[in-house]
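Report on the following structure.
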Amino acid sequence: MQRKPFFYDITLRDGNQSLKKPWSLEEKLFIFDKIVELNIPAVEIGFPASSIMDFESCTKLAERAGDKTLVSVLARANKNDIDKALLAIKEAKKARIHTFITLSPFHMEHVLNKTQEEAAQMAINAVDYANNQLIKASKAPDIEFSVEHFGDCEKNLDFVIEVLKEIVNKGAKTINLPNTVERYRPLKFLSMVEKVKNALGDDVIISLHNHNDLGMATATTIEGFFMGAGQLECCLNGLGERAGNTDFCQVAVALHNCGVDTGVDLSKIYETALLISQMSKVKIYEKAPLVGPEALAHRSGIHQDGAIKTKDLDFGAYRPINPSLIGRFDDEKIGFTSQSGKTAIYDIIKGLKYPITIKESVYLTPFAKQIAESKGELTPQEVLELYLDKICNIQGPFELITFKQVDKGVFDLFFNFKNERKEAIGLGNGPVDACLNALKKLGFETKLSNYKQYSIDADKDSSQARAMSAISILDDNKGEVIGRAIDTSTALANVKAIFNALNQIYS
């Protein structure tokens, strides 16, 4: 799709005003820079008439903005607010006045206490005044007008359209149609938006500013774009009054997935989301799309299997994007619960740098499920402990007591078999060969098919590092059986692995 959305960020105004502790000037300056780094073209920096503090911060932010970023300030539809707004943005290289008033029948009657004719005239006069004042200040006239509570204007929509035509004639270039309180399904609201757009023509930019009261702000905004809205008013982390505003991250990524060139730097989204959460003291909830701690978590065995098989592909079986698109580089999280399966065990153990086969993960799964049924999700360490206990310390008829070298190539093997003491001297080229020969003397002949050693805790010094041995023995009935064991002594790791294999064969 060739048409680009024009993102209009409202974090410093709508987002800030909803915080329990609004941001200081220094914090606003920092956040403004982060918004600019995202390559968002327009930023609503505040409401100058709301307080001295907000006026001062708007002034500083307007001075800070370069010629790349459009800065906008909010003003009610009256001369005093507009004068303060003009004063606040006088140093801005690209400036906009955003004025508003309700045209909702309910709101005009019960909140504004105005007739629709009075409210309409206030709107027309405000746009006319703001436009003329911008021209007098030698600034490019750029006026945005918002129909507050547009979502409640279904009954007088024809009247609203006629007022908006006059507002456009007075100089408003952008008409914002906010879903100030989300009450209905997106299609009902957007049908009203479409009617306004068709009436005003293609030269007028339609803007959407959707609140998330019913959880559909993202969907409404995205579908609104495809319906023809040119400006999308979004907030970082979905901050805003009540349930918040449209979340910028969700909209930008969804449009990207639909083949739209968003024009923003998606790679900085995750980092920025974490910063905004920290600075706003509003936590990102666990299941938040894309940026939540659990957004990459899989616990169902079926989902885990698909996620692991496609984790190195851009298109994942159970994720909407490659997380690196938004600058997120933590792996998909595989947790083991009673709903998980062998693939989770396999992935967790491999992730901890221990060798494991699918056959071994199948063997471990019922043990892990039994524990998880009573305690809930197992930590990776708990899965590892189960692995070490059930795979590297297999109980059975064989119990190793000692294995020690008595001469070059000569080893003494001492063990219990079904509680009966056994001892034999084994000769060989090394511990494995000697152990197998000693066992053969006692009637336990084995067929070695493979032998591997792995370094465990390689980052520790040599006195603490451990070795893992994997001994594969062929059995006529059970086929290839792998015995694993870990020890600081390589020789003992080898022999323990043989005995773990024997305990599987003779169990």
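Keep in mind the model is a prediction, meaning the values are calculated, not measured.
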(request) For residues Phe414 and Phe403, establish whether the separation of their ring centroids is below 6.0 Å. (result) no

(request) State the CD1-CD distance between Ile284 and Gln278, to the nearest 0.5 angstrom. (result) 10.5 Å

(message) Once you measure the plane-to-plane angle for Tyr354 and Tyr387, does it fall in the parallel (<30°), tilted (30-60°) or perpendicular (>60°) bin?
(response) perpendicular

(message) Would the distance check show the side chain of Asn503 and the main-chain N or O of Ile394 forming a donor-acceptor pair, the cut-off being under 3.5 Å?
(response) yes

(request) Give a yes-or-no answer on whether the side chains of Asn39 and Asp265 include a donor-acceptor pair shorter than 3.5 Å. (result) no

(message) Checking side-chain polar atoms at under 3.5 Å, does Thr174 have a donor or acceptor matched by the opposite partner on Ser207?
(response) no

(request) Check whether the ring centres of Phe444 and Phe417 lie less than 6.0 Å apart, and answer yes or no. (result) yes

(message) Would you compute the distance between atom CZ of Phe398 and atom OG of Ser507 and round it to the nearest 0.5 angstrom?
(response) 11.0 Å

(message) For the backbone of Lys268 and the side chain of Glu271, can you confirm whether one donor and one acceptor N or O come within less than 3.5 Å of each other?
(response) no

(message) Under 6.0 Å from the ring centre and within 45 degrees of the ring axis: does the NZ or CZ of Lys496 meet both conditions for the six-membered ring of Phe499?
(response) no

(request) Please determine, by modelled atom types, if Ser57 and Lys28 share a side-chain donor-acceptor pair under 3.5 angstrom. (result) yes

(message) Please enumerate all residues that pass side-chain hydrogen bond (donor to acceptor under 3.5 Å, both in side chains) together with Glu420, with sequence neighbours excluded.
(response) Lys422

(request) Report yes if some heavy atom in the side chain of Val251 is under 4.5 Å from a heavy atom in the side chain of Asp247; otherwise report no. (result) no

(request) Could you point out which residue of Lys311, Arg319, Arg299 forms a salt bridge (Lys or Arg N to Asp or Glu O under 4.0 Å) with Glu332? (result) Arg319

(request) Give me the ring orientation class for His209 and His211: parallel if the planes are under 30° apart, tilted from 30 to 60°, perpendicular past 60°. (result) tilted

(message) What's the separation between atom OG1 in Thr262 and atom NZ in Lys4, rounded to the nearest 0.5 Å?
(response) 8.0 Å

(request) Check whether any side-chain N or O of Asp213 sits under 3.5 Å from a backbone N or O of Glu182 as a donor-acceptor pair, and report yes or no. (result) yes

(request) Please work out which of the three classes, parallel, tilted or perpendicular, describes the rings of Tyr318 and His303, given edges at 30° and 60°. (result) parallel

(request) Could you grab the distance from atom OG of Ser469 to atom CG of Asn500, nearest 0.5 Å is fine? (result) 10.5 Å

(request) Quick one: pull up CD1 in Ile345 and OG in Ser361 and give me the separation to the nearest 0.5 Å. (result) 7.5 Å

(message) So does Met216 get a backbone contact from the side chain of Asn212, meaning a donor-acceptor N/O pair under 3.5 Å?
(response) yes

(message) Tell me whether Ser277 contacts the main-chain N or O of Val282 through its side chain, where contact means a donor paired with an acceptor under 3.5 Å.
(response) yes

